[in-house]
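Just below is one structure, and these are the notes that go with it.
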Amino acid sequence: MDNIIRVMFVMIISCYILIGISEGRLKVGFYNKTCPEAEFIVSGFVRDATEFNPRVPAFLLRLHFHDCFVQGCDGSILIDNGPISEKLADGHQGLDGFNVIENAKAQLEFVCPGVVSCADIVAIAAREAVALSFGPIYEVETGRRDGFVSNKSLADRMPDFRDSIQLLKHKFFEKGLSDKDLVVLSGAHTIGTTACFFLMDRLYNSRPHGGPDPSIDPDFLPELLQTCPPNGDINFRLPIDHNSGQTFDIQILENIRSGFAVLQSDARLMNDQVTQRILDSYLMFSNQSFEADFVKSMVKMGRIGVKTGSKRGEIRRVCNRFN
Ligand code: HEM
Ligand SMILES: *[C@@H]1O[C@H](CO)[C@@H](O)[C@H](O)[C@H]1NC(C)=O
Ligand SMILES: *[C@@H]1O[C@H](CO)[C@@H](O)[C@H](O)[C@H]1NC(C)=O
């Protein structure tokens, strides 16, 4: 009797594991049979939009990060559901590129209706964004389904530019990401710009003593003060990767290490022995490839909380509304 129960128990557990493995996974080329042109179509829209506005790759790379960190990579960031919309959360300020996703979706609904999720469009667009910026070209996993929830209070735990290094590490850890992922993914700031808004406290009222953040290199400080003067336009934008804001390269890590970080959260990577050593490893040993590790961390980020298999999700008809 005991044995029968044991055997049944083992069988039930094995079934769970098998279902988990077969249904719960993303894969490269998920749409190969159902919508073979899916990736091609999304990439085309990203390329066209970039010709029109060179900021588009940075928008789309950041959008994928913000999608994945709230409720998983499920397109929740795209939803317009009035004043509680997730996208209106403070932590999402400055996000853009939604129209590129929506236009690609419209074309996909024309070619293969009801097949490609908005969350996957965001992931594919981020891959194209990196490629267009001369970064590494990688295979993107797909098979995400779109979520049913958009609520700005769920974005409370978004990593924030004012966070300490301990808190940044913790917020990444909560998402299954390591200290190495934190460093490598912060390297996404190799492209794009920031508004002076995010720098004002760092320049004029840094903690705990007021005045400029002492971690800013003295050779860099005057330039920053001039670009973002007190009482100046807080919407004025500057490259996050000093002197190298357009192309994907390792310069961002060199800048962070030498006190030329623009964002405070990037500078904080030097406040912790572990993250500092990871930074150093990319700059000191040529055997460590920033680009290869960036790809690994992007794939890992793209798996956060995905709704696959039996988990509830849908394929939206338009990306800013639930079906
Ligand atoms: C570690 C925590 C992070 C913090 C605190 C942070 C914070 C910020 C802030 C404050 C901005 C400026 C936004 C603006 O002015 O519009 C920004 C821009 C950006 N972030 Fe991050 N970020 C983080 C991680 C990431 C990650 C993981 C990615 C992607 C993998 C990413 C990609 C970008 C990009 C591409 C931009 C430029 C956006 C543009 O040009 O409009 N960031 N980030
Ligand atoms: C949004 O989330 C908060 C916190 O979980 C909850 O109290 C609130 O009722 C939610 N709002 C809606 C409209 O679901
Ligand atoms: C890279 O080289 C350094 C020093 O030569 C060594 O300590 C480290 O283990 C190497 N890393 C890898 C991944 O091979």
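Whatever order the structure lists them in is the order used to number ligands and atoms, beginning at 1.
Pairs of residues two or more places apart, or lying in two chains, that qualify as salt bridge (charged side-chain N to carboxylate O under 4.0 Å, His left out) and include a residue from residues 99-119 are K105-E109.
Remark: distances from the non-hydrogen atoms of L182 to ligand 1 include one below 4.0 Å. Contact between F197 and ligand 1 is absent, with no heavy atom of the residue lying under 4.0 Å from the ligand.
We find the OH-OG1 distance between Y31 and T142 to be 6.0 Å, quoted to the nearest 0.5 Å. Rounding to the nearest 0.5 angstrom, the gap separating the CZ atom in R268 from the CG atom in L263 is 11.5 Å.
Between D156 and S153, the side chains place no donor N or O within less than 3.5 Å of an acceptor N or O (distance only, hydrogens not considered).
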If you apply the rule side-chain contact (heavy atoms from CB on, under 4.5 Å), what do you find for I315 with V115, and how did you get there? CA-CA 6 Å; I315 306 297; V115 171; 5.7 Å; no

Should D249 and D241 be marked as a side-chain contact (heavy atoms from CB on, under 4.5 Å) after you check the CA-CA gap, both sets of side-chain angles, and the distance that decides it? CA-CA 9 Å; D249 56 17; D241 189 7; 3.5 Å; yes

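Contact check on R162 versus D201 returns no salt bridge, with no Lys/Arg side-chain nitrogen under 4.0 Å from an Asp/Glu carboxylate oxygen. The pair R55-D96 does not count as a salt bridge, with every side-chain nitrogen at least 4.0 angstrom from each carboxylate oxygen. Using a cutoff of 4.0 Å between basic side-chain nitrogens and carboxylate oxygens, D280 and R277 are not scored as salt-bridged.
Closest to atom 35 (C) of ligand 1 among all protein heavy atoms lies A58 O, 3.3 Å. Nearest protein heavy-atom neighbour of atom 12 (C) of ligand 1: T194 OG1, 3.5 Å. Of the protein's non-hydrogen atoms, the one nearest atom 2 (C) of ligand 1 is P159 CB, 3.6 Å. Scanning all protein heavy atoms for the shortest distance to atom 15 (O) of ligand 1 gives A195 N, 2.9 Å. The shortest contact between atom 16 (O) of ligand 1 and any protein heavy atom is with R237 NH2, 2.9 Å. At the shortest separation from atom 41 (O) of ligand 1 among protein heavy atoms lies R55 NH2, 3.2 Å.
Here is the list of ligand 1 atoms found below 4.0 Å of a heavy atom in F59: 41 (O). Under a 4.0 Å criterion applied to the non-hydrogen atoms of F172, ligand 1 contributes the atoms 1 (C).
Looking at T193 next to ligand 1, an N or O pair under 3.5 Å apart turns up.
Between L60 and the options I101, V122, V42, I121, a side-chain contact (heavy atoms from CB on, under 4.5 Å) holds for only I101. Among the candidates L221, T227, D219, the single residue satisfying the side-chain contact (heavy atoms from CB on, under 4.5 Å) test with E223 is T227. For the pairing with I304, the side-chain contact (heavy atoms from CB on, under 4.5 Å) check across D74, V70, L177, D67 returns one residue only, L177.
Linking ILVMFWY residues whenever their side-chain heavy atoms come closer than 4.5 Å, directly or via other members, places F248 and L253 in the same cluster.
Protein residues having a heavy atom under 4.0 Å from any atom of ligand 2 are I84, N151, S153, listed by chain and number.
Think of F322 as one node in a network of Ile, Leu, Val, Met, Phe, Trp and Tyr side chains linked at under 4.5 Å; its network also takes in I79.
Counting only protein N, O or S atoms, the number found under 2.8 Å from atom 21 (Fe) of ligand 1 is 1.
Side-chain contact check for K87 versus F98: some heavy-atom pair is nearer than 4.5 Å.
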